[in-house]
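Before any comments, here is the structure.
Computation of the quantities below employed the complete heavy-atom set of this structure, encompassing side-chain atoms and omitting hydrogens, waters and symmetry-equivalent molecules.
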Amino acid sequence: MRRGERRPNGGAPGAERDGAGPRRSTESEVYDDGTNTFFWRAHTLTVLFILTCALGYVTLLEETPQDTAYNTKRGIVASILVFLCFGVTQAKDGPFSRPHPAYWRFWLCVSVVYELFLIFILFQTVQDGRKFMKYIDPHLGVPLPERDYGGNCLIYDPGNGTDPFHNIWDKLDGFVPAHFFGWYLKTLMIRDWWMCMIISVMFEFLEYSLEHQLPNFSECWWDHWIMDVILCNGLGIYCGMKTLSWLSLKTYKWQGLWNIPTYKGKMKRIVFQFTPYSWVKFEWKPASSLRRWLAVCGIIFVFLLAELNTFYLKFVLWMPPEHYLVLLRLVFFVNVGGVAMREIYDFMDDPKFHKKLGQQAWLVAAITATEFLIVVKYDPYTLTLSLPFYITQCWILGIILVLTWTAWRFFIRDITLRYKEIRRQKQEHRHEKDKCLSNGDGHSALLDEPNGNKLRERKL
């Protein structure tokens with residue numbers, strides 16, 4: 001490609017839509033000068049050489065310790081690192097390319113490792129699975145202490161003369177900014193205000209419904225709706241939508257770093273390396289067809305299940321909320337969630353080109369299902385605690401309303417509209433026939449009737 005030529009999305013090295021056809025109406029236009037530097041090359045031989053040298057050093061120059069447990073851990077870690085090196089250099093690229101395709105290949109391989117770890121945990125007994133967590137961190141594998149959640153829900157506590165608003169200050173911990181940034185990033189993944197708000201509100205309803213199973217779901221009403229939905233989640237969604245608006249209006253013009261004459265331009269180009277190569281506006285359109293409606297409902301269901309798995313996994317594997325493994329899992333889902341959502345959207349929006357679900361979306365779905373199966377196996381008693389009667393009634397009513405709307409929108413409404421259209425055409429045909437007969441042109445009307453019927457059949 002000649003320098004300065006306008007490049008369709010997917011044609012640039014590491015483009016976000018590799019090999020795709022014509023640019024979609026929701027996809028931004030990209031200008032790329034086609035520079036392919038050392039930064040973008042595969043470096044497969046370099047990685048292989050470094051990896052072989054490292055293994056040779058361990059084999060020939062390092063004395064093997066006599067500690068079996070240490071050697072086992074070290075061998076497992078080395079095996080994972082070798083697999084990650086292979087995947088980063090050889091795995092198939094996904095839809096994202098910035099800051100570098102190798103970054104997203106790395107998280108794809110981490111997804112495989114995490115799924116294999118979950119399957120290993122799933123095949124252990126409950127006692128052995130919890131005991132195995134001690135090999136990762138010796139502080140794990142012990143029952144969690146009882147904590148008091150909910151408690152005093154007064155916003156203004158007159159009984160506390162020192163600080164009547166102590167209940168509010170007690171809730172302002174590290175989880176408040178975590179909620180905000182979490183929903184900011186989720187908005188960048190989903191790219192739709194309505195879906196984000198539905199998931200946010202639905203999760204609060206789930207917390208209400210399941211607080212008899214997990215004590216940390218028991219929160220004050222103002223903690224649910226004011227601090228979570230309006231302040232943390234709502235503000236994160238708002239800032240995310242503003243960022244999406246900026247990304248959709250941004251000009252995607254890329255030049256090689258050495259083709260930029262000024263130092264200010266070079267620094268700006270380095271910073272923009274961490275922004276998308278191009279942008280696709282998500283238009284989910286759930287009411288446009290039954291297929292898209294079911295797909296959007298499935299996305300919301302998997303999203304909520306992954307959120308619930310965060311709390312249930314901590315509960316059944318005896319991990320405290322502040323443990324670094326909990327944070328690492330959230331970081332993992334932040335990195336793989338955006339790729340998975342893009343692959344799901346491409347699969348829904350362009351099924352002729354994307355004939356199968358993307359690799360990262362497939363792994364995220366498998367991981368979510370495996371996590372839930374671990375929860376089911378490790379603590380079936382908690383999951384089978386019956387819902388309170390009024391909660392059950394509310395969920396039955398909600399399910400009936402959703403099913404009723406689905407039947408009306410995609411079946412009854414379409415049949416009614418089709419019947420009205422056929423009836424209107426018959427009335428128009430009868431009116432034209434009567435008009436021709438009243439004008440004394442009955443013969444010509446009867447001759448033209450078969451042609452008119454064929455024309456109406458083509459329109460139908």
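- Put simply, the side chain of Arg409 gets close to the backbone of Ala287: a donor and an acceptor are under 3.5 Å apart.
- Evaluation of the salt bridge (Lys or Arg N to Asp or Glu O under 4.0 Å) rule for Lys285 yields Glu283 as partners, not counting sequence neighbours.
- Looking at heavy atoms from C-beta onward, Leu290 lies in side-chain contact with Phe411 at the 4.5 angstrom threshold.
- Figure legend: Lys250 and Tyr252 shown as a cation-pi pair, the cationic atom lying under 6.0 angstrom from the six-membered ring centre and within 45 degrees of its axis.
- Arg269 contributes a side-chain N or O that, together with a main-chain N or O of Gln255, makes up a donor-acceptor pair within less than 3.5 Å.
- Side chains of Met319 and Asp137 form no contact here, defined as non-hydrogen atoms less than 4.5 Å apart.
- Side chain of Asp128 to main chain of Gln124: no donor-acceptor pair is present (N/O by atom type, distance under 3.5 Å, no hydrogens or angles).
- Remark: Arg418 does not engage Asp414 in a salt bridge, criterion side-chain N to carboxylate O under 4.0 Å.
- No donor-acceptor pair closer than 3.5 Å links the side chain of Asp192 to the backbone N or O of Phe282.
- Of all the heavy atoms in Thr125 and Tyr378, the pair that sits closest is O-OH, 3.6 Å.
- Residues Phe332 and Val336 are in side-chain contact: their nearest non-hydrogen atoms beyond the backbone lie under 4.5 Å apart.
- In this structure, Gln360 contributes its side chain and Trp104 its backbone to no donor-acceptor pair below 3.5 Å.
- Remark: Arg191 is positioned above the aromatic ring of Trp279, its terminal NZ or CZ atom under 6.0 angstrom from the ring centre and at most 45 degrees off the axis.
- Taking the side chain as every heavy atom from C-beta outward, Glu29 and Thr251 never approach each other to under 4.5 Å.
- Within the structure, every pair that satisfies the salt bridge (charged side-chain N to carboxylate O under 4.0 Å, His left out) test and touches residues 368-384, not counting sequence neighbours, is listed here: Arg329-Glu371.
- Residues Met133 and Phe117 share a closest heavy-atom pair of SD-CZ, 4.3 Å.
- Judged by distance alone, with hydrogens and angles left aside, the side-chain atoms of Gln273 form a donor-acceptor pair with the main-chain N or O of Pro99 at under 3.5 Å.
- For Thr243 (side chain) and Cys239 (main-chain N/O), a donor-acceptor pair under 3.5 Å exists by modelled atom type.
- Formation of a donor-acceptor pair under 3.5 Å by the Thr59 side chain with backbone atoms of Gly56 is not found in this model.
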Side chain to side chain donor-acceptor pair (under 3.5 Å) between Thr44 and Gln90, intermediate numbers included: CA-CA 8 Å; Thr44 52; Gln90 300 292 342; 4.8 Å; no

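- A 4.5 Å side-chain heavy-atom check between Arg342 and Pro95 finds at least one atom pair inside the cut-off.
- A donor-acceptor contact shorter than 3.5 Å is absent between the side chain of Lys134 and the backbone of Gly141.
- With Phe120 as the partner, the ring pair (Phe, Tyr, Trp, His ring centres under 6.0 Å) test is satisfied by one option alone out of Tyr135, Tyr114, Phe132: Phe132.
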Intermediate values then yes/no, side chain to side chain donor-acceptor pair (under 3.5 Å), Thr406 and Trp293: CA-CA 8 Å; Thr406 303; Trp293 168 249; 3.0 Å; yes

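- Residues Trp395 and Phe205 keep their aromatic ring centres 6.0 Å or farther apart.
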Worked check of salt bridge (charged side-chain N to carboxylate O under 4.0 Å, His left out) between Lys186 and Glu307: CA-CA 12 Å; Lys186 290 172 189 174; Glu307 294 274 7; 2.3 Å; yes

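- Using a 4.5 Å cut-off on side-chain heavy atoms (C-beta onward), Phe274 and Arg98 make no contact.
- With hydrogens and angles ignored, the 3.5 Å screen pairs a side-chain donor or acceptor of Arg105 with a backbone N or O of Val88.
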